[in-house]
Amino acid sequence: MSLAETLEPRVEASSEGRTDRPRIPPRLRRNLGSIFWQGCTLIAVVALLAFLGHNIALNLKARGLASGFDFLSKEAGFAIGFSLIPFTETDTYGRAFIVGLLNTIFVAFVSMILATVLGTIIGVARVSKHPPTAAAALVYVEGLRNIPLLLQVLFWQQLLINGLPSVRQSLDLGGWVFLNNRGLVLPDVTAGALPVPPSLMAAIMAATFIGLTVTALRRAEPSRQRQVAVWGLGALLALEIGLAMLTVAWSRPVLTGFNFRNGVVLIPEFVALVVALTIYNAAFIAEIVRAGIESVNKGQREAAAALGLPPRLIMRLIVLPQAMRVVIPPLANQYSHLLKASSLATVIGYPDLVNVFLGTTLNQTGRAIEIVTMTMAVYLVLSALVAGFTSWFNARMALVER
């Protein structure tokens with residue numbers, strides 16, 4: 001018997017003994033195990049929520065209480081003192097929810113912008129080489145961030161109501177803006193008249209500038225293409241804003257009798273809440289900015305100074321762009337805190353989401369579970385949007401190592 005004939009049965013036996021099932025790679029096996037346990041956890045959470053929802057529905061039915069979201073289509077029967085969209089007593093609870101949501105977003109957005117600007121200025125002042133400036137910024141930060149926000153909101157409300165003059169003795173701020181104990185009076189905006197429709201003009205301007213920018217990008221060197229694109233989009237945005245200013249007419253407030261005519265009034269509760277949120281959160285943002293500035297290597301500033309750049313340009317062109325990678329992540333947390341802290345508006349009577357929906361609507365309808373769930377979902381979504389935007393901006397501002 002030859003060697004090949006001797007080995008052939010062993011090969012056949014070995015092939016007969018093998019299984020036809022494919023072997024799962026170890027990495028895939030670990031992933032399958034992770035997916036299995038995550039699926040089990042998800043099923044358990046869903047089952048728990050279903051169990052709680054079933055029990056809640058049974059308890060509400062046993063007590064004779066209604067449930068569901070059908071109340072949103074019913075007439076509200078109450079008025080709202082301040083709203084960005086028209087609202088009357090005959091409108092529905094769903095529209096009242098939208099009014100409260102818009103008021104919350106409005107006060108939070110305005111406070112975020114003002115707090116960011118003020119906090120950046122104070123943060124730069126914290127690292128100033130002038131001792132009085134740095135000392136004043138330190139007193140501001142340590143003083144305001146250690147006072148509870150609720151007390152600051154109440155303080156500014158009482159100051160605006162009791163410390164400001166009446167309507168007829170309003171403080172004149174340039175002839176277009178007036179401040180009194182009823183609030184801040186701003187010019188009203190009405191539609192203007194142009195021979196060409198604004199949308200057509202905007203489309204023509206956008207097409208023209210996009211074409212010019214694309215042509216400039218093709219002719220520019222690769223190292224300058226990004227700069228050309230930024231300048232082109234900036235010029236287009238400036239022209240579009242100018243066009244928007246031309247298509248509207250500003251109506252100046254006029255005092256007639258005991259009130260102003262042709263003006264938009266921001267109630268004292270709104271002004272007090274914006275001021276309190278701004279100065280309180282600006283103290284924390286100032287510390288975030290200070291930490292970001294100090295994280296930049298001093299050699300960067302020394303090299304820029306050796307090249308002859310003035311301190312103002314060193315801070316704007318060298319230090320602040322590099323500090324942004326340290327500033328943005330904690331700044332997102334501060335924005336989220338500001339958004340949630342805006343719910344203190346209900347203490348002073350500003351008609352935000354908590355005041356209008358979780359307060360008045362809940363008292364009238366009794367739909368506690370639905371209303372509380374909707375309110376929590378709103379704040380969760382808004383916080384997620386803020387976190388997502390800051391993460392995107394952080395990725396855009398991140399330094400690329402070469």
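With sequence neighbours left out, the salt bridge (charged side-chain N to carboxylate O under 4.0 Å, His left out) criterion links Glu75 to no other residue. Arg182 pairs by the salt bridge (charged side-chain N to carboxylate O under 4.0 Å, His left out) definition with nothing, not counting sequence neighbours.
Using a 3.5 Å distance cut-off with no hydrogens or angles, the side chains of Ser73 and Tyr93 do not pair a donor with an acceptor.
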**Prompt:** What's the verdict on side chain to side chain contact (heavy atoms under 4.5 Å, CB included) for Phe97 and Thr361, showing C-alpha distance, side-chain angles and the deciding distance?
**Reply:** CA-CA 9 Å; Phe97 169 79; Thr361 303; over 6 Å; no
**Message:** Pair Tyr335, Ser383 - check side-chain hydrogen bond (donor to acceptor under 3.5 Å, both in side chains), show working.
**Reply:** CA-CA 8 Å; Tyr335 285 160; Ser383 298; over 6 Å; no
**Message:** For Asn180 and Gln169: C-alpha separation, side-chain torsions, deciding distance, then whether side-chain hydrogen bond (donor to acceptor under 3.5 Å, both in side chains) applies.
**Reply:** CA-CA 8 Å; Asn180 52 62; Gln169 286 79 33; over 6 Å; no
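The closest donor-acceptor contact from the side chain of Asn103 to the backbone of Phe82 lies under 3.5 Å. In this structure, Thr390 contributes its side chain and Ala387 its backbone to a donor-acceptor pair below 3.5 Å. Using a distance-only test at 3.5 Å, with no hydrogens or angles considered, a donor-acceptor pair links the side chain of Ser295 to the main chain of Gly292. Side-chain atoms of Tyr280 do not come within 3.5 Å of backbone N or O of Pro148 as any donor-acceptor pair. Although no hydrogens or angles enter the test, the distance criterion places no donor-acceptor pair under 3.5 Å between the side chain of Ser111 and the main chain of Ala108.
Contact detail for Val289 and Val327: the closest heavy-atom pair is CA-CG2, 4.1 Å.
At a threshold of 4.5 Å between non-hydrogen side-chain atoms, the residues Tyr140 and Leu118 count as touching.
Rounding to the nearest 0.5 angstrom, the gap separating the CD atom in Glu287 from the CG atom in Leu138 is 8.0 Å. Between the CD1 atom in Ile35 and the CG atom in Leu42 there is a gap of 12.5 Å [rounded to 0.5 Å].
Salt bridge present: Asp70 and Arg367 bring a charged side-chain N and a carboxylate O closer than 4.0 Å.
Between Phe87 and Phe78, the angle of the ring planes lies from 30° to 60°, which puts this pair in the tilted group.
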